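Have a look at the structure below before the remarks.
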Amino acid sequence: MKQLKIGLLGLGTVGTGVVRIIEENKEQIKEKLNTELLITAIGVHNINKKRDIDVEQYHLTTDLRSIVNSDIDILIEVMGGIDDTYELIKEALQNKIHVITANKDLLADRLEVLENASRESGVSLKYEAAVAGGIPIINALNYGLSANGITHFMGIFNGTSNFILSKMSNEGQSYEEALRIATELGYAEADPTADVDGIDAQRKVVIMSYLAFNQFNKLQDCTVEGIREVRLSHIELAKQLGYRIKLIGNGLYDGKTAKLSVAPTAIPQTHQLAHVENEYNAIYIDGNAVGDTMYYGKGAGSLATGSAVVSDLLHIIEMIDTDNHNLPLHLEVNTKSVQSNQSHNLLLMIDLFADSNVEKMLKDIKHSRYIVQDGIVALECNEINAQDYETIKDYLNQLNEIYKIYRIEGV
């Protein structure tokens, strides 16, 4: 029977979930994979901290580098951080140790370097848990959809922001009240900036773009806008026009370049993404062979994210005696078959004041439908190209109007 030694960096929410899943399934792994798993060391910042699991049987240490330089076979990193963690993971890969990480912050910034390091050492770098928690989206892209050229993906990548928008839409709560409830329930951190400003989703979109488009992109390549400026009145007007407002991460690929964005977006109520509620995530992918597919589940949590980590662990166990540790072949998009659409549909919300000339606005701005209610005019504008978009913004800025533009996706 094989014996594999595991080093674990981090014993917080996710790390605890990983240990629980490994312990609960240790005997089954022995039986089915003929492999005994030993967690030989766990790296923590505070050895004396009270834990949710019994840690007496484990060796806890604050010397994280000692774990990387020990005789482990696999390193699982779930402690977070960028610079120091990067050095530890890179050193582990250079030491020919297989690495599993849930660290989206690090991967969004250093993925290309780490992928190259894993190839040079002939070991695995796995990160299923870094995007959408318990949804097996990375394995779906790497294996299930490997025969497809991917031209488009979009999805709800952040459970906190989706919970807030769901409360606003379904219960008429203000942004502030919905955020307070999300914090009380543990869905939002004490500092919710990364979630509500779209930064968390931005990191996941950048990682997704590599897997979907075979192209490394940087954080600055993905435009980002959060949900702080989404008003309850905007949500209600959008619903009347047949839309739900969701924070959507979007990736478009024309065979040469990727366009990446995160922004509050109007989704038709007939689209599946419109019905993804509360802390759940969902990702919609368009493959040139399979067509439209969607993946749904919890995006965070101890066991949900832990299950993704252990899934990577099981895959490494199956392949550890082979030389097959790199990502599988992913077919490229045929650029001749890509239909480039340079126009978009928009939902435009304009605040009205005593001197606002609504009739003139309706005449000057090309639109298909509109609603005037509670001091706001909402216009649905179809087939708006880049020049039209800039013209609309210039027009409203000249009038000193307060406005917000939501892109419409999923039509």
Side-chain angles (χ1 to χ4, degrees), residues 12-18 78 80 101-105 107-108 127-138 140 153-171 173-208 222 224-228 230 235 244-251 261-265 267 271-285 294-309 311 409-410:
T13 300
V14 178
T16 298
V18 169
V78 288
T101 178
N103 194 333
K104 58 184 174 292
D105 301 12
L107 293 172
Y127 41 91
E128 181 64 72
V131 179
I135 303 175
I137 191 62
I138 291 178
F153 68 81
M154 67 175 180
I156 296 167
F157 288 89
N158 182 266
T160 301
S161 58
N162 197 51
F163 180 89
I164 292 169
L165 292 175
S166 295
K167 286 292 182 184
M168 293 174 71
S169 182
N170 297 333
E171 300 178 25
Q173 294 179 352
S174 67
Y175 167 82
E176 292 75 16
E177 177 66 9
L179 175 58
R180 182 187 66 79
I181 294 171
T183 304
E184 287 179 356
L185 293 175
Y187 296 136
E189 302 287 344
D191 179 4
T193 300
D195 294 320
V196 300
D197 287 348
I199 299 167
D200 176 78
Q202 179 192 34
R203 292 166 178 153
K204 295 170 183 175
V205 166
V206 168
I207 297 169
M208 276 282 294
C222 178
V224 61
E225 178 186 345
I227 64 171
R228 293 182 195 263
V230 177
I235 288 173
R244 295 287 298 273
I245 292 178
K246 297 287 188 180
L247 185 68
I248 296 294
N250 208 333
S261 64
V262 173
T265 303
I267 301 291
H271 196 284
Q272 289 171 305
L273 285 178
H275 303 284
V276 177
E277 303 288 8
N278 299 319
E279 73 274 23
Y280 281 82
N281 288 189
I283 303 171
Y284 174 94
I285 298 174
M294 197 177 91
Y295 307 83
Y296 169 88
K298 286 190 175 181
S302 175
L303 295 179
T305 308
S307 75
V309 171
S311 172
E409 290 284 358

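As the structure is a computational prediction, the values presented were derived from the model and not from experiment.
Listed here is the closest heavy atom pair of V14 and G306: CG1-N, 4.4 Å. A pairwise comparison of heavy atoms in G133 and T305 identifies CA-OG1, 4.0 Å as the closest pair. When all heavy atoms of R203 and A194 are compared, the pair lying nearest together is NH1-CB, 4.4 Å. When all heavy atoms of S166 and K246 are compared, the pair lying nearest together is OG-NZ, 3.8 Å. Looking at every heavy atom in both residues, G297 comes nearest to I135 through N-CD1, 3.4 Å.
The distance from atom CE of M294 to atom OH of Y284, rounded to the nearest 0.5 Å, is 9.5 Å. F157 contributes atom CZ, which lies 10.0 Å from atom CD1 of I207 (distance to the nearest 0.5 angstrom). T183 contributes atom OG1, which lies 9.5 Å from atom CZ of F163 (distance to the nearest 0.5 angstrom). Atom CG of D200 and atom CG of D195 lie 5.5 Å apart (nearest 0.5 Å). With rounding to the nearest 0.5 Å, the separation of OH in Y296 from CD1 in I156 is 9.5 Å.
Within the 3.5 Å criterion, the main-chain N or O of A263 finds a donor-acceptor partner in the side chain of T265. Although no hydrogens or angles enter the test, the distance criterion places a donor-acceptor pair under 3.5 Å between the side chain of N162 and the main chain of V276. In this structure, T101 contributes its side chain and Y127 its backbone to no donor-acceptor pair below 3.5 Å. Remark: the backbone N or O of T13 is not paired with any side-chain donor or acceptor of T16 at under 3.5 angstrom.
Results of the side chain to side chain contact (heavy atoms under 4.5 Å, CB included) test with I245 over I227, I267, I235 single out I235 as the only residue that passes. When the options V196, V230, N278 are evaluated for a side chain to side chain contact (heavy atoms under 4.5 Å, CB included) with I164, the one that passes is V196.
Residues satisfying the side-chain contact (heavy atoms from CB on, under 4.5 Å) test with E177, not counting sequence neighbours, are Q173, S174, R180, I181. Remark: E189 engages no residue in a salt bridge (charged side-chain N to carboxylate O under 4.0 Å, His left out) (not counting sequence neighbours). Applying the salt bridge (charged side-chain N to carboxylate O under 4.0 Å, His left out) test to E176 and every residue at least two apart in sequence or in another chain returns nothing. Legend: residues meeting side-chain hydrogen bond (donor to acceptor under 3.5 Å, both in side chains) with Y280, ordered by chain and number and at least two apart, are absent. Taking the side-chain hydrogen bond (donor to acceptor under 3.5 Å, both in side chains) definition, one finds that S261 meets it with nothing, sequence neighbours left out. Scanning for salt bridge (charged side-chain N to carboxylate O under 4.0 Å, His left out) contacts around K167 gives E171, with sequence neighbours left out. Take Y295 and apply the ring-ring contact (aromatic ring centres under 6.0 Å, His included) test, not counting sequence neighbours, and it matches no residue. Annotation: side-chain hydrogen bond (donor to acceptor under 3.5 Å, both in side chains) contacts of Q202 (sequence neighbours excluded): none. With sequence neighbours left out, R228 forms a salt bridge (charged side-chain N to carboxylate O under 4.0 Å, His left out) with D197. The side-chain contact (heavy atoms from CB on, under 4.5 Å) check on A308 picks up E128, A129, with sequence neighbours excluded. Listed by chain and number, the residues in a side-chain hydrogen bond (donor to acceptor under 3.5 Å, both in side chains) with S169 are R244 (sequence neighbours excluded).
In the model, E409 has a side-chain atom that pairs as donor or acceptor with a side-chain atom of N250 under 3.5 Å. Looking only at atom types and distance, the side chain of T193 has a donor-acceptor partner in the side chain of D191 under 3.5 Å away. Residues K298 and N281 have side chains that never bring a donor and an acceptor to within less than 3.5 angstrom of each other.
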- Under the side chain to side chain contact (heavy atoms under 4.5 Å, CB included) criterion, do L247 and V262 qualify, and how do the steps go? CA-CA 7 Å; L247 185 68; V262 173; 3.9 Å; yes
- Show your reasoning for whether side chain to side chain contact (heavy atoms under 4.5 Å, CB included) applies to I137 and M208. CA-CA 9 Å; I137 191 62; M208 276 282 294; 3.9 Å; yes
- Message: Pair C222, K204 - check side chain to side chain contact (heavy atoms under 4.5 Å, CB included), show working.
- Response: CA-CA 10 Å; C222 178; K204 295 170 183 175; over 6 Å; no
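At a threshold of 4.5 Å between non-hydrogen side-chain atoms, the residues L273 and M154 count as touching.
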